[in-house]
There are 2 protein chains.
Amino acid sequence: MATSPHSQADPAVAEPAAGATPAFSPLYQQIKELILQSLQSGEWKPGEAIPSEMDLAARFRVSQGTVRKAIDELAADNLVIRRQGKGTFVATHAEQHVRYRFLKLMPDSGDRDSEGPAQRAVLDCKRVRASAEVARALALRTGDPVIQVRRVLSFGGVPTILEDLWLPGNAFKGLTAEQAAGYQGPTYAMFELEFGVRMVRAEEKIRAVLPDPQQAAALKVSQQMPLLSVERIAYTYNDVPMELRRGLYRTDTHHYRNDLN
Amino acid sequence: MATSPHSQADPAVAEPAAGATPAFSPLYQQIKELILQSLQSGEWKPGEAIPSEMDLAARFRVSQGTVRKAIDELAADNLVIRRQGKGTFVATHAEQHVRYRFLKLMPDSGDRDSEGPAQRAVLDCKRVRASAEVARALALRTGDPVIQVRRVLSFGGVPTILEDLWLPGNAFKGLTAEQAAGYQGPTYAMFELEFGVRMVRAEEKIRAVLPDPQQAAALKVSQQMPLLSVERIAYTYNDVPMELRRGLYRTDTHHYRNDLN
DNA sequence: AAGTGGTCTAGACCACAAC
DNA sequence: TTGTGGTCTAGACCACTTG
């Protein structure tokens, strides 16, 4: 082991190339990387249990404590969920208590549960060519095939969110308006189930804007009503961008909530 | 030890009351709580080193690994910063790389460093009585003394943020406009230094709004320009609210950036 | 009872910083 | 050289879930 101390039984991890800068990293980081690769390759699917800590320790020939620390970090990254007595499970957007993890819009009074689920109306779902902007966000080339979805989310019958989604055409080949509208539960859960694409993190840029006539009409609001513009890029494993989303949020009855630590 | 296994040398932690529901919690959580109390009581000040893991282990009569896990959580909560080879330090808002931890407004191009520090202009700083709304946010009673500060932050000479701060009158007795304007560095660092108040977390509610005439004038923008309304409640230890802040952000040259995990 | 994650300990050694 | 945090191990036992 060039990259970690104690090689009592030769952990089954790769040696760094000799000569070059020897990418030092602790054993548990290497284990984390290996588990990550298995997650990514789909060896264990969202919602399924991964092998027990003891099993993984045996597989990688390290102590249980080292595997534990690796999994601790994966759990901190929300890639995996630990359940005492049951096992460790691949995280998924399809669960009750983690649903709409990325949606920070909250009703001004009460919580999201009291409000009930959003009604989805898909206005459009078509195959287009990536604009320069969309291509940059999705790490594609201008003109590459992209699927664009436009939809409105309503709460209690009130149109509240208008958003456009852009998805890489390759990974999401065959996505239809019916799929986008009909699936029960978070759209990201549908992406996992139907396309094997799991979003693990996202970045948002938020602005205050006025809607153009078309947008105002879709939300049934005046053109003078200021709206929250939320541009999101969602990433799957390995920081690969898989979705660009531009949303307009009404904030007269809702607000965007953020916790700072 | 009623709440943890292994009492080899009787860890110096309190026993839960007999009879009542025995507040089970692991040893390291109890240690974390004890360290937290010392932080809160000011036994170690922001920026100072806390005792080494070995010292704390000896003090609390537990193993170093247990102290380590307690400190790990404190570090994850940003209450403390670990520095290999040097020690563990009480976190502070006065450091380069953690400065403006709570300010999520970024210039559209470049990062915050390229933009340089904000210029502060304090428009007002006065003692007032808490309105019902302010009192609720700060866990005070309506009419309690509160200090209100109104200021404008400019970047490169352009007024970008207009904000009002409300602070509990008791804890911030004697705060002057000169202090608010003159201090170099984050306002939260000044709070630590001058008033011994350290903000550890915050919640924000964000909306899109149009400014009233006075607000538009202070920011030198049209009343038709949509602005980001950011309402923040900042908390010190123990979830005690110590600041209510209402900001209006220009988002034509900047954006509010948020990372979702 | 068996299996899983969760806690705790003790001891060894590494990496880094300061003297 | 010393002291600090960081890593790794091995073993014991606890808490929770399932059969």
Side-chain angles (χ1 to χ4, degrees), chain A residues 1-13 21-35 44 48-76 80-91, chain B residues 1-13 21-35 44 48-76 80-91:
Chain A
M1 280 304 297
T3 69
S4 72
H6 311 298
S7 8
Q8 171 173 296
D10 264 25
V13 288
T21 317
F24 285 105
S25 83
L27 238 196
Y28 76 87
Q29 286 285 5
Q30 302 177 42
I31 303 303
K32 179 184 175 184
E33 214 48 52
L34 290 171
I35 297 175
W44 316 301
E48 286 181 8
I50 71 174
S52 74
E53 295 179 355
M54 288 302 285
D55 285 356
L56 290 170
R59 171 189 314 191
F60 300 128
R61 318 257 211 101
V62 299
S63 78
Q64 190 238 18
T66 299
V67 170
R68 187 166 180 76
K69 178 139 188 177
I71 295 181
D72 277 345
E73 293 209 347
L74 293 171
V80 113
I81 296 180
R82 320 190 76 138
R83 292 191 214 281
Q84 180 169 139
K86 302 178 76 170
T88 300
F89 300 79
V90 183
Chain B
M1 281 304 296
T3 69
S4 71
H6 310 299
S7 7
Q8 170 172 296
D10 262 26
V13 289
T21 317
F24 286 106
S25 85
L27 237 196
Y28 76 88
Q29 286 285 3
Q30 302 178 42
I31 303 302
K32 181 184 175 186
E33 214 47 53
L34 290 171
I35 298 175
W44 317 300
E48 287 181 8
I50 72 173
S52 75
E53 295 179 353
M54 288 302 284
D55 286 355
L56 290 171
R59 174 191 307 195
F60 299 128
R61 319 260 209 96
V62 298
S63 78
Q64 190 241 17
T66 298
V67 169
R68 188 168 180 75
K69 179 137 187 180
I71 295 181
D72 276 345
E73 294 209 347
L74 293 171
V80 114
I81 297 181
R82 320 191 74 138
R83 291 191 213 282
Q84 179 169 136
K86 302 177 76 172
T88 301
F89 300 79
V90 182

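Letters go in sequence order (proteins before strands), and every chain restarts at 1.
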Separation of atom [atom1] in [X] from atom [atom2] in [N], rounded to whole Å:
X: B/Met54; N: D/dG6; atom1: CE; atom2: P; value: 15 Å
X: A/Ile81; N: C/dG6; atom1: CD1; atom2: C1'; value: 17 Å
X: B/Lys69; N: C/dG6; atom1: NZ; atom2: C1'; value: 7 Å
X: A/Leu56; N: C/dT4; atom1: CG; atom2: P; value: 11 Å
X: A/Gln29; N: D/dG6; atom1: CD; atom2: P; value: 13 Å
X: A/Gln30; N: D/dG6; atom1: CD; atom2: P; value: 18 Å
X: B/Asp55; N: D/dT2; atom1: CG; atom2: P; value: 17 Å
X: B/Ile50; N: D/dT4; atom1: CD1; atom2: P; value: 12 Å

For residues 83-91 of chain B, run the donor-acceptor check on the side chains, cut-off 3.5 Å, and write out each pair with its distance to 0.1 Å, sequence neighbours left out.
unit_1	atom_1	unit_2	atom_2	d
B/Arg83	NH2	B/Glu95	OE1	3.3

For [X] against [Y], the heavy-atom pair lying closest together:
X: A/Ala70; Y: A/Tyr28; value: CB-O, 3.4 Å
X: A/Ala75; Y: A/Arg82; value: CB-CG, 4.1 Å
X: A/Pro51; Y: A/Arg59; value: CG-NH2, 4.1 Å

For B/Phe60 and B/Ile35: C-alpha separation, side-chain torsions, deciding distance, then whether side chain to side chain contact (heavy atoms under 4.5 Å, CB included) applies.
CA-CA 10 Å; B/Phe60 299 128; B/Ile35 298 175; 4.0 Å; yes
Taking only side-chain N and O atoms of [X], does any of them lie within less than 4.0 angstrom of OP1 or OP2 on [N]?
X: B/Arg83; N: D/dT4; answer: no
X: A/Ser63; N: D/dC8; answer: no
X: B/Thr88; N: D/dG5; answer: yes

Would you say that A/Asp72 contacts A/Arg68 through its side chain, given a criterion of any heavy-atom pair below 4.5 Å between the two side chains?
yes
At under 4.0 Å between heavy atoms, what does B/Arg68 touch on the DNA or RNA strands: base, sugar-phosphate, or nothing?
base
If each of A/Glu53 and B/Gln64 is mapped to the nucleotide of DNA chain C with the nearest heavy atom, which maps nearer the 5' terminus, i.e. the 5' end?
A/Glu53
List for me each residue that meets side-chain hydrogen bond (donor to acceptor under 3.5 Å, both in side chains) alongside A/Lys69, sequence neighbours excluded, and say none if there are none.
none
Per atom distances to the B/Thr66 side chain, the nearest of D/dT4, C/dT9, D/dT9 is C/dT9
Dump every N/O contact between nucleotides 16-19 of chain C and the protein below 3.5 Å, one line per pair.
unit_1	atom_1	unit_2	atom_2	d
C/dC16	O4'	B/Gln84	OE1	3.0
C/dA18	OP1	B/Lys86	NZ	3.3

